[in-house]
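Residue numbers start from 1 in every chain, and the chains themselves are labelled A, B, ... in the order their sequence lines are given, proteins ahead of strands. Computed from heavy atoms alone, side chains included, the values below leave out hydrogens, waters and symmetry copies.
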Amino acid sequence: MDLDIVALSRLQFATTALYHFLFVPLTLGLSIVLAIMETVYVMTGRTIWRDMTKFWGVLFGINFAMGVATGIVMEFQFGMNWSYYSHYVGDVFGAPLAIEGLMAFFLEATFVGLFFFGWDRMSKVGHLIATWAVALGSNFSALWILIANGWMQNPVGAAFNPQTMRMEVTDFAAVLTNPVAQAKFVHTVSAGYVTAAIFVLGVSAWYVLKGRHLELAKRSMTVAASFGLAASLSVVVLGDESGYMTTEHQKMKLAAIEAMWKTEPAPAAFTVFGFPDQEARETHFAVHVPWVMGLIGTRSLNTEIPGIEELEKRAEERVRSGLKAYEALQRIRDAGSTANIPPDAKATFEEHGGDMGYALLLKRYVDDPREATDAQIKQAAWDTVPPVAPLYWSFRIMVGLGMFFILLTFTFFVLSAMRRLDRWQWLLKVAVWSIPLPFLAAECGWIVAELGRQPWVIEGVLPTAVAVSNLGASTVLLTLLIFVALYTVLIVVEWKLLLKAIRKGPQLQPDTLAEARARGHATLATARN
Amino acid sequence: MILHELISYEVLRLIWWLLLGILLTGFAVMDGFDLGTGMLLPFAGKTDLERRVVINAVGPVWEGNQVWLVLGGGAIFAAWPQLYAVSFSGFYLAMFVILFALILRPVAFKFRSKNESAKWRNTWDWVLFVGGFVPALICGVAMGNVLQGVPFRLEPDMQIHYTGSFFGLLNPFALLAGVLSVAMLVMHGASWLQLKTEGAVHERARRFGGIAALLTAVLFVAAGVLLYSFVSGYQITSAVATEGPSNPLLKTVDRHAGAWFANYADYPVLYVVPLLGVGGAVLAWMGMAGRKPLAALLASGASIAGIVLSVGVSMFPFILPSSVDPRASLTVWDSSSSHLTLFIMLVCVIIFLPIILAYTSWVYAVLRGKVSAEDIEQDRGHAY
C-alpha cells in the first residue's frame, strides 16, 4: 500500500477509531454495572453498594473522559477526511448521527455530571435515575452509531438521485430496521458488557489476591461474573446472528473471513487453521472441520456458500453492468432539464443503477470509467476481495477469546455461587491477566467488520478510494502523526491514573464501616481507607 | 411515505436554516460559558484552591454543554451535508487544531486534580486555558472567513476542491472576528463565574468580565463597520428555485460591496439582531458593575445570540459563499438534505429538543448555588 491520500486517510480513520474503541466498550458496560450496583443499594439500603458504585464510578469517569475526547474526532473526521463520502451519503448517514446526539449524547453527558456531583444534592432514587440515564444514554448512542454503520454494510432504503449526485433516503423505516444494524447493535453492546465484566472481575481478583477490600471485591466479582456470563453467552450467540447476516448481505466478507477461495459443495467445511495467501489465492496448511461453516453460515445442509473466485466473477459482471448505468447517467446529466432526458437513458439507468458503484471502482485506474480497458475491469473485480489474511486471523482471535470469556465468567459464577471465590489463587491471577483480552477482542471485531467491508466505504455503492477529501498527503500524514502521539501519551496517562485509583482502592464511608462493625465483618471494619 | 409533503421543501429549508442558527447559538451560549471559564482559569484563580473553585463551577455541566457542538456537527451533516463536507474538509487544519484542544479539555478536567503535584496541576490548568481559547479564537476566525467567502470549487460530480491554505485564514478581518469571539466568551464565562463563586475569584471575574463585555461591544461594532466598508457580499442573480434540487451549480452569483446589508435594507426590523449583540454586551457590563450576576449572564447570552445570528441574517440565503467560483456558493435553497430527510430530522428535533431542555433545566436546578472554597476543602460533592 503506497502512502497516498487514500491510504493515509484510511490509516488515520482506522487509528483514531481503534483508539476510540478502546474506551467505548468499557463505558457501555461499566455504566450498566454502576446502575446495577446502585440499584442494589437503593433496594437494600446497604451502604457498601453505594461505596462500590462510587469506587467503580471513579474508574468509569477516567475512562469516560477519554471516550468523549476521542469521540468528537470521529464525528468531525467524516467531513474533514471523507468529504465526498459526506456529500454522497450525508442525506442518509447524517441522520442517525444527529439523532445520536439528540437522543443519546445529551442524556449521557448531562447526567454524568449529576452522577459525580449529585450524591449529596439528591434523593437516593433521584440519583439512581441519573445513573440509569447515563447507562441508557451510552447504550442508545451505540444503537444509533450502529444503525449508521449497519447502513454502510447494507445500504437499504436509499436511492441515487442524478440531479443532486448523491444517495437520498427513500424509506427511513428500512434504514432503522436494517437487520444488519440490529445484529451489530446487540453484538457490540454485549461485547461492551463483557469488557466491563472482566475489568471488574480482574480488578476485584487483584484485591482478593492482596487480601484487600474483600467485601467490596467479592460483591463486585459476583456482579461481574453473573453479568459477564450472560453477556459473553449473548455476544457469541448474537455474533453468530451477525455472521448469518453477513452471509445474507456481504458474501465476499464471509468468504474472506473463511479464506474460502473456491465454492465448496454444501455444507461447507470450516477452516480452523491455515495461512491464507492472497496472491496465490489459496490457504496453506489448512485444517478443515467438515460441515461446520455451512451450518453456521446458512443454517442448512444444502445451501452453497460462494467462494472468493466465484464472487469475483459476479463482481466483474456487475462492473460491466455498472458501466452501462454510468454511461446512462452522463447522458441524463447532459440533458440538462428533466424534460429532455432520453427515455432509453432513463430506462438503462433504472435497470443498471444498482451496480453503478461497481463502475466507480474503476476511478482508481481511470478518470472516466467509460474509458476503462478490459484488464482494468478485471482488476477492479479482483479489488472487491478484501485483505484475506488479517480478516482470517482477526476473526479467529475474536471467536477464540469469546469462548474463553464464557469459560472464565462461568467458572467465577460457579465459584461465587459456592462462596469459594478466593479458593484458587491461580484462577484469580488468570482473571487479573484477562483484563486486556476483551479490548483485544473488540479491536479484532472492528477489523473484521470494517476491513472486511473494503474496498467499499458503502457496500456496493461507494468505493473507499473515491470517498476521500482532496487534501495534500503531507497534511494528512502530519495530523495522523500528531493524533498517534497525542493519543498514546493520553492512554499512558490514563492507565497510570486508573492504576493509581485502583491501588488507592475504595473509600468506604463512615456509615458503611459502622454497619460492618455492627455485623461483625472483621475485614471490612479494619479496611484501610 | 407522503407525510413529509405536509410541509413544503421551501419551508423545511427555512426551518432548518433557523435550526442551524439555534444550534450554533446553543453551542456558543451553553458551551461558551465553560470555554470562557477555561480561559479565565489561570487568571481568576491564583491559588490551587481558587482554581479548583473555578473548575468545579463548570465541573458538573461542561460535558453536557459540549454536546451542543457534537449535535451541531451531526445536525449540519444530516441537514446540510454539503456545508459539512466543504467546511470541515476546507478548514481541515483549523478543524484539527480545534479537535486537538477539545481532546485535551475533557482529559484535563478529569486528570487535573487526580495528582497532588503543583506542576502537574498547573500544566493542566494551562491546558484548560488553551482548550477554551483555541476553539473560541478559531470559531471566530472561521466566521470571519465565511463572511468573506471561502476558496472552493465544485466539480459537476460534486467533488470538492479547496484552494486556500491554513495561513490564508488568518487575514485581518477574520482575526478581528476571532478576537471578538474570544472577548465574547470571556464575558460569558466571567458572568457564570460571578454567579457561581464568591470572594476573590468572584471579584477577579467581575473585573475581567467588565473589560471583556465592553470589548465585545466595541469589536462587534468595528466588525460591522469593516464588513460594510471593505467586505464584498454575494447575491444570487439567476431565478431562485426555492424548491429545486440540492445542486449548488445551477445558479449564477454576483459579488459586490454592500450585498451583506441588503437584507437589512429590505427588512429594517432585522436590525434588532445586531442591536441585541451590542445591547446585550452593554447590559452585561452594567449587570456586572451593578453586581447582578444572573442579569449579566442572561444579557451576555443574549449578546452572543445576537452576534451569532447577525452573521446568518446578513448572509441569508447564503450559508457558505465561494470566493473563487461564486456560483458554487452554498445557499439555503441548494445545499440541504432531501425533503424527506429534512422532515424526519425535524420530527426528531421536535420530539427530543424539549426533552433535552427539560432535563437540562432540572440538572441546573439541582446544581444551583455557589461553589465555595470550604465545600471543596471538605470534599463535599465536588469531583474535580
Taking the side chain as C-beta and beyond, is there a heavy-atom pair between B:Ile55 and B:Phe109 under 4.5 Å?
-> yes
Before giving the answer on side-chain contact (heavy atoms from CB on, under 4.5 Å), spell out for B:Arg105 and B:Asp34 the whole-Å C-alpha distance, their side-chain angles and the decisive distance to 0.1 Å.
-> CA-CA 11 Å; B:Arg105 224 165 78 90; B:Asp34 56 59; 2.9 Å; yes
Given the options A:Ser86, A:Gly61, A:Gly113, which has more heavy-atom pairs under 4.5 Å with chain B than any of the others?
-> A:Ser86
Donor-acceptor pair, A:Ser469 side chain versus A:Ser83 backbone, under 3.5 Å?
-> yes
Applying a criterion of heavy atom separation less than 4.5 Å, what residues of residues 158-165 of chain A form contacts with chain B?
-> A:Gln163, A:Thr164, A:Met165
In terms of heavy-atom proximity below 4.5 Å to chain A, should B:Met95 be classed as side chain, backbone, both, or neither?
-> both
Contact leader toward chain A among B:Ala75, B:Ser89, B:Gly90, where contacts are heavy-atom pairs under 4.5 Å | B:Ser89
Options A:Gly472, A:Gly79, A:Gly94, ranked by heavy-atom pairs under 4.5 Å with chain B, top entry = A:Gly79
Any side-chain heavy-atom pair of B:Ser246 and B:Ser337 under 4.5 Å | no
Just jot down the ring pair (Phe, Tyr, Trp, His ring centres under 6.0 Å) partners of B:His339, sequence neighbours excluded, or say none.
-> B:His4, B:Tyr9
Could you tell me which residues in residues 98-110 of chain A have at least one non-hydrogen atom under 4.5 Å from a non-hydrogen atom of chain B, sorted by residue number?
-> A:Ala98, A:Ile99, A:Gly101, A:Leu102, A:Met103, A:Phe105, A:Phe106, A:Leu107, A:Ala109, A:Thr110
Would you check if the side chain of B:Trp192 reaches a backbone N or O of B:Ala57 as a donor-acceptor pair within less than 3.5 Å?
-> yes
Can you tell me if B:Thr331 and B:Asp334 form a side-chain donor-acceptor pair at under 3.5 Å?
-> yes
Do you know which of B:Phe91, B:Phe88, B:Trp80 has the most heavy-atom pairs under 4.5 Å to chain A?
-> B:Phe88
Check each atom of B:Leu93 against the heavy atoms of chain A and say whether the ones under 4.5 Å are side chain, backbone, both or neither.
-> side chain
Is there a donor-acceptor pair under 3.5 Å between the side chain of A:Arg121 and the backbone N or O of A:Leu114?
-> no
Side chain, backbone, both or neither: which part of B:Gln159 has a heavy atom under 4.5 Å from chain A?
-> both
Counting heavy-atom pairs under 4.5 Å with chain B, the top scorer among A:Trp82, A:Phe111, A:Tyr88, A:Tyr85 is A:Phe111
Does the ring centre of A:Phe78 sit less than 6.0 Å away from the ring centre of A:Phe13?
-> yes
Could you check whether the rings of B:Phe77 and A:Phe93 sit parallel, tilted or perpendicular, using 30° and 60° as the cut-offs?
-> tilted
Which of the residues B:Val107, B:Ile103, B:Asn247 is involved in the greatest number of heavy-atom pairs with chain A at under 4.5 angstrom?
-> B:Ile103
Checking heavy atoms, do the side chain of B:Val349, its backbone, both or neither come under 4.5 Å from chain A?
-> both
Residue from A:Leu329, A:Leu471, A:Val112 scoring the most non-hydrogen pairs under 4.5 Å with chain B is A:Leu471
Could you tell me which of A:Ala65, A:Ala69, A:Ala133, A:Ala501 has the largest number of non-hydrogen atom pairs under 4.5 Å with chain B?
-> A:Ala69
What part of B:Val61 lies closer than 4.5 angstrom to a heavy atom of chain A: side chain, backbone, both or neither?
-> neither
So, the part of B:Pro156 with a heavy atom under 4.5 Å from chain A: the answer is both
A:Arg50 and A:Gln509: side-chain donor and acceptor closer than 3.5 Å?
-> no
Are A:Ser138 and A:Thr27 close enough that a side-chain donor and a side-chain acceptor fall under 3.5 Å?
-> no
Considering residues at least two apart in sequence or located in another chain, which fulfil the ring pair (Phe, Tyr, Trp, His ring centres under 6.0 Å) criterion with A:Tyr487?
-> A:Tyr19, A:Phe483
Region of B:Ser336 in contact with chain A, defined by heavy-atom distances below 4.5 Å | backbone
Check whether any side-chain heavy atom of A:Thr479 lies under 4.5 Å from a side-chain heavy atom of B:Tyr92, and answer yes or no.
-> yes
Using non-hydrogen atoms only, which part of B:Leu367 is less than 4.5 Å away from chain A: side chain, backbone, both, or neither?
-> both
Quick one: which of A:Leu97, A:Ile72, A:Val466, A:Val68 has the most heavy-atom pairs under 4.5 Å with chain B, could you say?
-> A:Ile72
Considering only heavy atoms, which portion of B:Trp362 lies under 4.5 Å from any heavy atom of chain A: side chain, backbone, both, or neither?
-> side chain
Over 60° means perpendicular and under 30° means parallel, so classify the ring planes of B:Trp120 and B:Trp124, tilted if in between.
-> perpendicular
State plainly whether the residues A:Arg166 and A:Glu168 are in salt-bridge range, i.e. N to O under 4.0 Å.
-> yes
Please state whether the side chain, the backbone, both or neither of B:Leu342 comes within less than 4.5 Å of a heavy atom of chain A.
-> neither
A:Phe116 six-ring face occupied by B:Lys110 cation (under 6.0 Å, within 45°) | yes
If you count heavy-atom pairs under 4.5 Å between each of B:Asp157, B:Ile76, B:Leu102, B:Ile160 and chain A, which one has the most?
-> B:Asp157
Are the side chains of B:Pro106 and A:Phe64 in touch, meaning some heavy atoms are under 4.5 Å apart?
-> no
